[in-house]
Amino acid sequence: MTNPITNHAPQSLTIRTPDDWHLHLRDGAMLHAVLPWTAAHFARAIIMPNLVPPVVTMAEATAYRARILAARPEGSVFQPLMTLYLTEETDPEDVARAHASGLIQAVKLYPAGATTNSASGVTDFARVQPVLDRMAEIGLPLCVHGEVTDGDIDIFDREAVFIDRILDPLRNRTPGLRVIMEHITTSTAADYVRSAPENLAATITTHHLVINRNHILAGGIRPHYYCLPVAKREEHRVALVQAATSGDARFFLGTDSAPHTDPAKLQPCGCAGCFTAPNTLPILAHVFEGAGALDRLEGFTSLHGPAYYRLPPNESHIILTRGTPDIPQHIHTEEGPVTVFDPGFALDWRVA
Ligand code: OTD
Ligand code: ZN
Ligand code: ZN
């Protein structure tokens, strides 16, 4: 099935309703504008806590969850799966309570300064060890933004250096801690995930399956492709497609859909993030079909994630059909327009 445009190409595909295991919904007007796009295709999503100020405590996550539920479109049953933002002041008992109550599914580790709104992240990893130990004890997963932030490390090397200097030592001194490497961008990270027999998985974004660094920088700079971790060489994109389409249950979808208004992106120091919530499923169908792996799409979008998070897969299904999806180039928000990620190829799958 290497040529998708044959008469034998499937015309429809029914899969369990997908979940998004890494999503930025923001707050206020932006939350209201972007949530319907995710709720239209996804049953659940792991909600990233990098608001300003960040979602650090159980009380803050409770309040944020209520705001998300209130912003759902009429009739939507979308479920936000909450996370707490790990800081050096995080109280292990607050985390344990939030987990025991069913409120949170994970804690998110940002190295300080690694990405958008990560200033309150971790600098001294010894100071968060009691939280990590408690999480290992209660089986609560840690989502990791895996990049070092040292100014002397080249931005294209930050993920690989993080694995050696931070992540591998952290996992070794915290036996039993269940880790998700978020938005992996390199073959190095994919290989590292494969090397672990247990307690390690990775999310892969929509955009890192599609763009490499040339798409951002060659022939003019394209701010809408700038995100963190920054896209790497083509060989790494190919390795990510291989991992995502392999059927290996350690890899699953986390879109990292991260909306910023056009004015925030198109300036001398523009914001990082790609807004992929509206067209992720058509893009993924295209990528998986191109890899001859349409039959593995459901695992990536709907089965591997729940299995790792120890949640049941969704009972409901969605149907993808052949045809051009109706997706705008940008959406309007009270804060300004937000450009939808352009995969650079025509989409011929849509969600029925
Ligand atoms: N990367 N933008 C954002 C977050 C992610 O590292 C991430 O998870 C954001 O805007 O919140 C981005 O490029
Ligand atoms: Zn991140
Ligand atoms: Zn993110």
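Start at 1 and go down the list; that is how both ligands and their atoms are numbered. Fair warning: this is a prediction, and the values are worked out from it, not measured in the lab. Just so you know, these numbers use all the heavy atoms, side chains as well, and skip hydrogens, waters and symmetry mates.
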Visitor: So between N50, L23, L51, whose heavy atom ends up nearest atom 11 (O) of ligand 1?
Guide: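 Closest candidate by heavy-atom distance is N50.
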Visitor: Within 45 degrees of the axis of the six-membered ring of Y308 and under 6.0 Å from its centre: does R250 put its NZ or CZ there?
Guide: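 The answer is no, since R250 fails at least one limit relative to Y308.
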Visitor: Identify which of T203, D256, L228 has a heavy atom lying nearest to atom 13 (O) of ligand 1.
Guide: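 It is L228 whose heavy atom sits nearest to atom 13 (O) of ligand 1.
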Visitor: At the 4.0 Å heavy-atom cut-off, does E182 count as touching ligand 1?
Guide: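 The answer is no: ligand 1 sits nowhere under 4.0 Å from a heavy atom of E182.
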Visitor: Could you check whether atom CG of D326 has more than 12 heavy atoms from other residues, nucleotides or ligands sitting under 6.0 Å from it?
Guide: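 Check fails, neighbour count at 12 or below.
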Visitor: Among the N, O or S atoms that H24 has, which is closest to the Zn ion (ligand 3)?
Guide: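 Nearest N/O/S atom of H24: NE2.
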Visitor: Please say whether the positively charged group of R213, taken as NZ for Lys or CZ for Arg, lies over the ring of F156, i.e. under 6.0 angstrom from the six-membered ring centre and within 45 degrees of the axis.
Guide: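 Ring-cation test returns yes.
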Visitor: Less than 4.5 Å apart, side chain to side chain, heavy atoms only: is that true for P10 and L294?
Guide: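 When only atoms from C-beta onward are counted, L294 and P10 do touch, with a gap below 4.5 Å.
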Visitor: What's within reach of the Zn ion (ligand 2), meaning protein N/O/S atoms under 2.8 Å?
Guide: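 Near the Zn ion (ligand 2), the protein supplies H145 ND1, H183 NE2.
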Visitor: Name the orientation class of the two ring planes belonging to H183 and H22 (parallel below 30°, tilted from 30 to 60°, perpendicular beyond 60°).
Guide: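 Taking H22 first and then H183, their aromatic rings sit tilted (interplane angle of 30° to 60°).
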Visitor: Is there a donor in the side chain of H330 and an acceptor in the side chain of D262, or the other way round, less than 3.5 Å apart?
Guide: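 Side chains of H330 and D262: no pair found under 3.5 Å.
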Visitor: Measure the distance from atom 3 (C) of ligand 1 to every protein heavy atom, then report the residue, atom name and distance (to 0.1 Å) of the closest one.
Guide: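 Here the closest protein heavy atom is T116 OG1, 3.5 Å.
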